[in-house]
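Everything below concerns the one structure shown next.
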Amino acid sequence: MRYDLIIFDNDGVLVDSEPLSNTILAGYLTELGFPTSYEESIRDYMGSAMHRIHDLIQERTGRVLPADFDDAFHARVFAAFERELQPVAGAADVLAKLVADGVPYCVASSGSHERIRVGHRTTGLDEWFEEEWVFSSQDVGRGKPAPDLFLYAAERMGVAPERCAVVEDSPLGVQAALAAGMDVYGFTAMTPEERLQGATALFSDMAQLRELLG
């Protein structure tokens, strides 16, 4: 393999959480007086850290979200995860192949550490990740599209950025990976190809990924 480290986004790449979380986010924002459709939530917030939601709402409306917004939103999301969350089809097979081939990997997500762990535990993916292989936007000052999270993950894993490949499904994540100087493979299962332009390659099925990574 031509890479020394594979960095996975989490939501939409390892766990099939984007439909659940964006349905909840759109509904909660609408309840609070910020009308938001599911499609708008996907467009504006998919792949972003929580601070981006606060920033965009304030920028667009001049109002701020309630102080308990993050906690209340996560409570709803985690309850839905426990009921319904599934792994992305083929994700565990990709991880198993990397393990068999001796290729290091990690996860670098805009979600909180708690969100990552709840998702992995619920879907059974926790068996594939050591504690020190999990990185969150909470670990850095700026979330995606800034490159900070991916650079931090590479540094902690002891791999130069140019030797890393990122697997992403959001435009913000693709931008962040490119800004970090990494190759990035865009997963189009939920995201239209045109929104992931600039990616090293695009794929729609996890079965295609191992071959793309070389």
Side-chain angles (χ1 to χ4, degrees), residues 5-28 38 41-42 45-50 53 70-101 103-139 143-144 149-150 153 156-157 165-170 172-174 176-177 184-191 196 203-210 212-213:
L5 177 67
I6 311 303
I7 304 176
F8 290 92
D9 175 45
N10 191 55
D11 293 292
V13 170
L14 295 175
V15 297
D16 192 18
S17 53
E18 294 293 6
L20 289 173
S21 59
N22 281 283
T23 296
I24 292 166
L25 178 58
Y28 190 28
Y38 171 77
S41 182
I42 290 285
Y45 304 121
M46 181 173 163
S48 67
M50 291 299 294
I53 302 172
D70 291 12
D71 289 341
F73 171 65
H74 283 131
R76 296 184 184 200
V77 168
F78 295 164
F81 280 7
E82 297 286 356
R83 293 191 307 269
E84 304 176 56
L85 188 63
Q86 297 293 321
V88 167
D93 293 336
V94 171
L95 298 174
K97 189 67 168 67
L98 292 175
V99 169
D101 291 346
V103 180
Y105 62 87
C106 65
V107 61
S109 172
S110 293
S112 66
H113 276 284
E114 184 181 13
R115 178 181 172 128
I116 298 167
R117 284 166 174 76
V118 169
H120 285 189
R121 185 182 69 249
T122 303
T123 59
L125 291 179
D126 53 341
E127 68 175 286
W128 297 104
F129 288 93
E130 301 291 343
E131 184 78 15
E132 60 268 26
W133 302 349
V134 177
F135 305 101
S136 161
S137 61
Q138 291 178 311
D139 300 325
K144 306 167 189 178
L149 177 56
F150 290 139
R156 290 291 301 274
M157 297 292 289
V166 173
V167 185
E168 264 288 353
D169 72 328
S170 75
L172 294 176
V174 169
V184 55
Y185 293 84
F187 186 39
T188 62
M190 266 195 66
T191 309
L196 300 180
F203 68 103
S204 60
D205 188 311
M206 279 292 164
Q208 303 170 286
L209 179 59
R210 187 61 186 83
L212 286 174
L213 293 173

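Throughout, numbering of the chain's residues begins at 1 and tracks the sequence. Just so it is clear, the values below take in all heavy atoms, side chains as well, and ignore hydrogens, waters and symmetry mates.
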Looking only at heavy atoms, which two atoms of [X] and [Y] are closest? And how far apart?
{"X": "Phe81", "Y": "Thr122", "value": "O-CG2, 3.2 Å"}
{"X": "Leu149", "Y": "Ser110", "value": "CD2-N, 4.3 Å"}
{"X": "Leu85", "Y": "Gly119", "value": "CD2-CA, 3.6 Å"}
{"X": "Ala153", "Y": "Phe135", "value": "CB-CD1, 3.6 Å"}
{"X": "Glu168", "Y": "Lys144", "value": "OE2-NZ, 2.6 Å"}
{"X": "Ser204", "Y": "Ala189", "value": "O-CB, 4.1 Å"}

Between [atom1] of [X] and [atom2] of [Y], what distance do you get to the nearest 0.5 Å?
{"X": "Gln138", "Y": "Ile116", "atom1": "CD", "atom2": "CD1", "value": "7.5 Å"}
{"X": "Ser136", "Y": "His113", "atom1": "OG", "atom2": "NE2", "value": "4.5 Å"}
{"X": "Leu20", "Y": "Arg83", "atom1": "CG", "atom2": "CZ", "value": "8.5 Å"}
{"X": "Ile24", "Y": "Ser17", "atom1": "CD1", "atom2": "OG", "value": "10.0 Å"}

Criterion salt bridge (Lys or Arg N to Asp or Glu O under 4.0 Å) on Arg210 and Asp101, from CA distance to verdict: CA-CA 11 Å; Arg210 187 61 186 83; Asp101 291 346; 2.6 Å; yes

Using side-chain heavy atoms (C-beta onward) and a distance below 4.5 Å, is [X] in contact with [Y]?
{"X": "Phe203", "Y": "Val167", "value": "yes"}
{"X": "Leu5", "Y": "Cys106", "value": "yes"}
{"X": "Glu18", "Y": "Asp169", "value": "yes"}
{"X": "Asp93", "Y": "Met206", "value": "no"}
{"X": "Ile7", "Y": "Met157", "value": "no"}
{"X": "Val15", "Y": "Asn10", "value": "yes"}
{"X": "Asp11", "Y": "Ser109", "value": "yes"}
{"X": "Arg117", "Y": "Asp126", "value": "no"}

Worked verdict on Leu14 versus Phe129 for side-chain contact (heavy atoms from CB on, under 4.5 Å): CA-CA 12 Å; Leu14 295 175; Phe129 288 93; 3.6 Å; yes

Axial cation check for Tyr28 ring with Arg76, 6.0 Å and 45° limits: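 Because its charged atom sits under 6.0 Å from the ring centre and within 45° of the axis, Arg76 does stack over Tyr28.
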
CA sep, side-chain torsions, deciding dist, call: Arg121, Glu82, side-chain contact (heavy atoms from CB on, under 4.5 Å): CA-CA 9 Å; Arg121 185 182 69 249; Glu82 297 286 356; 3.1 Å; yes

Criterion side-chain contact (heavy atoms from CB on, under 4.5 Å) on Leu98 and Phe8, from CA distance to verdict: CA-CA 12 Å; Leu98 292 175; Phe8 290 92; 3.7 Å; yes

Glu127 atom CD: more than 12 heavy-atom contacts under 6.0 Å: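 Count over threshold, so yes.
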
Residues Trp128, Trp133; criterion side-chain contact (heavy atoms from CB on, under 4.5 Å); working and verdict: CA-CA 10 Å; Trp128 297 104; Trp133 302 349; over 6 Å; no

Ser21 and Arg115 side chains, donor-acceptor separation under 3.5 Å: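 Yes - a donor-acceptor pair under 3.5 Å links their side chains.
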
